[in-house]
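Taking it in order: structure first as structure tokens, then the write-up.
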Amino acid sequence: MTDILSVRDLGVSAMIGGTPVPVIRGLSFDLPVGKILGLVGESGAGKSMVGRAIAQLLPPGFAISSGACLFEGADLVRMAAEARRALLGREIAFIPQSPQTALNPLLTVGQQFDEQLRHAGAASRRERRERALAMLAAVHLSDPEQLLRKYPHQLSGGMCQRVLIAMAFSSNPRLVVADEPTTALDVTIQVRILHLIAEMQQRFQTALIFITHDLRLASRICDEIMVMYAGSPVEIGPGRDVFSAPAHPYTRCLELADPATAHGQRALFLLPEQMPGLLALARMSGCHFAPRCPNVADACRNTRPVLTSVREGHSAACLRLSATSDITTAEVRAGSAVVSSEKPLLRVEGLSKRYAAMGGMFLGRSEVTAVRNVDFSIAENEFVALVGESGSGKSTIAKLLVGLEQPSSGRIVIDGRDAAGPSRQAHALRIATMQMIFQDPQSALNPRRRIASIVTQAMEAGSRHVSAEDRVQRTRELLVEVGMSPELATRYPPQLSGGQRQRVNIARALGARARLLIADEIVSGLDVSVQAQLLNLLFRLRAELGFAMLFISHDLSVVRYLCGRVLTMYRGEIVEQGKTVEVFANPQHPYTRTLLAAVPPADAAVAWTALDAAP
Amino acid sequence: MGTLNRCLRSGRVMVGLGMILIVLVCALFAPFLAPSDPNEQDLLSILLPPAWMAGGDSAFPLGTDSLGRDELSRLIYGARTAMTVAVVASLGAMAIGSILAHLAGYFGGVVDWIIGRVVDVWMSFPPVILSLILMVGLGTGLDKVILAIILVDWTRFCRVLRSEVLVVRQRDYVAAARLIGFSHWRTITREVFPATLPLLITLVSLEMGIAVVVEAILSFVGLGVGANQPAWGQMIADARQHIYDSAGGLFFPILAIFLAVTGFNLLGDGLRRTLDVRLINAREQ
């Protein structure tokens, strides 16, 4: 079998303060015809940089410092720019992460497709048009004729991604690089797009590089997986083996931090701290994973391990490979001892929200119903999940509960008192009981306030003067509670990592002494190790302080791990609710079944039927 | 994060500040700097050229006007008028404009609609004509000039700031502040206002330049400050009648206006570049 792409000892460095600092070190792999290679790692691992290095599209200040990328024997690094341009977009194609921003909003799909095909060398206008129609049909988009005349904003995210996949494969490329192609999409769409990429890859016998942060997902579709940590490959092996029998401690930790593998009983593995910065890594003489590794020995701090074979076609870079399988976590998950009482803290009855839709002057008013006749309740100390795809009305419910939107009809009852409506009493009751934790901590934290000022913001709200000492004291308490160093109190939010910002977000809600947290997708978009830290933190805080939570999420593995009860939303209605264990074991509504099927199973022996059967 | 430091390293800010400082020192210390009383007439030595030119008198370094008043002294006292108007009028316009902008952007809905329509109607009058009409109604005087500029130019602040408030309003931290129990007033002053402040500072700086020009225009047509108060516009109006006999009288007040306005514009542009978070991020990436 011949290799389409051979990367040899690739190194990329970034200029920081005038000196080059390595970002990627010693990366080597071979990608044969028609195979899929998964590049897996957390944010900052350098996996996207590999795709950019192949395309020679490194951000300013970054440069390839060593090595070669041999594409069918020709080195992309040393090739003349002219020759490389001829290859890119024709022989080598890319599928980007965010489909909607990758298409030009001012041009129709047809114009952009035509442009792509002209670059790929299709001669006549008719030929290009026919090719475009054929490709759009191949990615299962109905009515391609119509589609060519549409603008990107008229398509959903999933449709945009299908168009981009069709464009990527339209030139019969030899190699396709897909950078997190499904991360921005709904879970049910995700599985279809994955199926489509695999199908197209099979049909055209293309070699594919699949970049993702999701090891479980990668193990399902990749022939080979390379796990990266801090810019270096730490493990490379067959897709299934790397996930089910990891050889490197880091891969093992990732597997144990994945809530899907916990089956609701085991505590998640907590990787301490976070990946060191580039400068700290450059100064480190031993194994880069040593500061966080549970198996670290003295030798690890001085000697840098090289990739060594563990079995046929599977190797890992670790000095103590034999000890990897010893890494385990406690059988009982933290905080599971809390028993929810039967008295409901919050009761929602017949809640509806309608928006007036834009209509013509003479067409009369039409209405869009975002939430229709929703009933549910949450008991003290209970974690309830609200799942559903984007646009199903999950976030609208959150806004209605906290009062950012006013319900069109229905009741919200807290402790037996009415908490709906704009009245002063209802507002005060909501504020005293509920706090919202927003999805995007970057937007939820005022960049001009110090951390101390944010977490104690609730103390500013009242008319009573609060002394500076009280605030310092409370800041310390809250930061310790959410597992942050009190030294961070004087920092500003942009100086923190994503996980730390989300902790500050939680600390602010706790600082208001909320009894019910409304958490809107608070762990999505975070790395699996950071996610595990936050999930365990929520359990611990519930055991210590006691609070209930409405946990809005699309990630069913997280929901299964965290929440005792689950509500499934579909098109503004709650179509199924019950104990998580029961609903997941025996889903009644077809939509719940679709959602569950879209999750890649944790057990490597279980087939992922949705991927094989997806339309 | 060293905002002050960034400002001090910016060439535009420093040059702009330098130019304004020259005018400001003249304004503050006019009685000490001016060689003679700006209103003292010497009818025996009218329309004298500057001292270094033929026919000049060393008692009048920049010459005299048609009533024999000392050009240099009038220029220095004129700075006083210009700077008073620039500072007070732009702060006043800022106060009205930014308060209404924050109300409109924050509350939206009916409030936004009403304020938006008022601004629309207001802005459809040509600004110079509007201020002339106001001056006719109010009468001349320094305080009237300031009032006229405030009443004309608050819309500029209102319009620009409102869109900035709308952007900040979308931020989750503003909603979070409300949910944590902040009153509307507290949310605006503690969460929204600090985010719009950089733009506000920039706008004030640019508005000061505009105020200097407007004051000069009003004085030029004789509807500005009173006749016994020296102003650059008056000097230009006076020199215009004798433009063929002595061009110097026209040159120096125009140079003074140029200095002040360029200074404010450079400062405003420099501040915009150093205070705008988006530009800073783009540069650092």
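Chain letters run A, B, ... following the sequence lines, proteins first, then strands; residues in each count from 1.
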Under the side chain to side chain contact (heavy atoms under 4.5 Å, CB included) rule, collect the residues that match up with B:T155, sequence neighbours excluded.
-> B:V119, B:W122, B:M123
Under 3.5 Å, side-chain donor or acceptor atoms of residues 449-459 of chain A against the rest of the protein: list the pairs with distances, not counting sequence neighbours.
from   : atom 1 : to     : atom 2 : distance (Å)
A:R449 : NE     : B:E191 : OE2    : 2.7
A:R449 : NH1    : A:S453 : OG     : 2.7
A:R449 : NH1    : A:E460 : OE2    : 2.9
A:R449 : NH2    : A:E460 : OE1    : 3.2
A:R449 : NH2    : B:E191 : OE2    : 2.6
A:R450 : NH1    : A:T490 : O      : 2.7
A:R450 : NH2    : A:Y492 : OH     : 3.3
A:T456 : OG1    : A:A452 : O      : 2.7
A:T456 : OG1    : A:R471 : NE     : 3.0
A:T456 : OG1    : A:R471 : NH2    : 3.1
A:Q457 : OE1    : A:R508 : NH1    : 3.3
A:Q457 : NE2    : B:E191 : OE2    : 3.0

Atom NZ of A:K399: over 12 foreign heavy atoms under 6.0 Å = no
Is the count of non-hydrogen atoms from other residues, nucleotides or ligands lying under 6.0 Å from A:Q442 atom CD greater than 12?
-> no
So, A:S443 side chain and B:D172 main chain: donor-acceptor pair closer than 3.5 Å or not?
-> yes
Could you tell me whether the side chain of A:L404 reaches within less than 4.5 Å of the side chain of B:L179, counting heavy atoms only?
-> yes
Separation of A:D440 CG from B:R171 CZ (nearest 0.5 Å) | 7.5 Å
State, yes or no, whether a side-chain contact exists between B:R178 and A:H427 at a heavy-atom distance under 4.5 Å.
-> yes
Within the distance-only criterion (no hydrogens, no angle test), does the side chain of B:R186 pair as donor or acceptor with the backbone N or O of A:A461 below 3.5 angstrom?
-> yes
Count the heavy atoms of every other residue, nucleotide or ligand shown that sit under 6.0 Å from CZ of A:R424, and state whether that count exceeds 12.
-> no
Considering all heavy atoms of both residues, which atom of B:Y173 and which atom of A:A444 are nearest to each other, and what is their separation?
-> CB-O, 3.1 Å
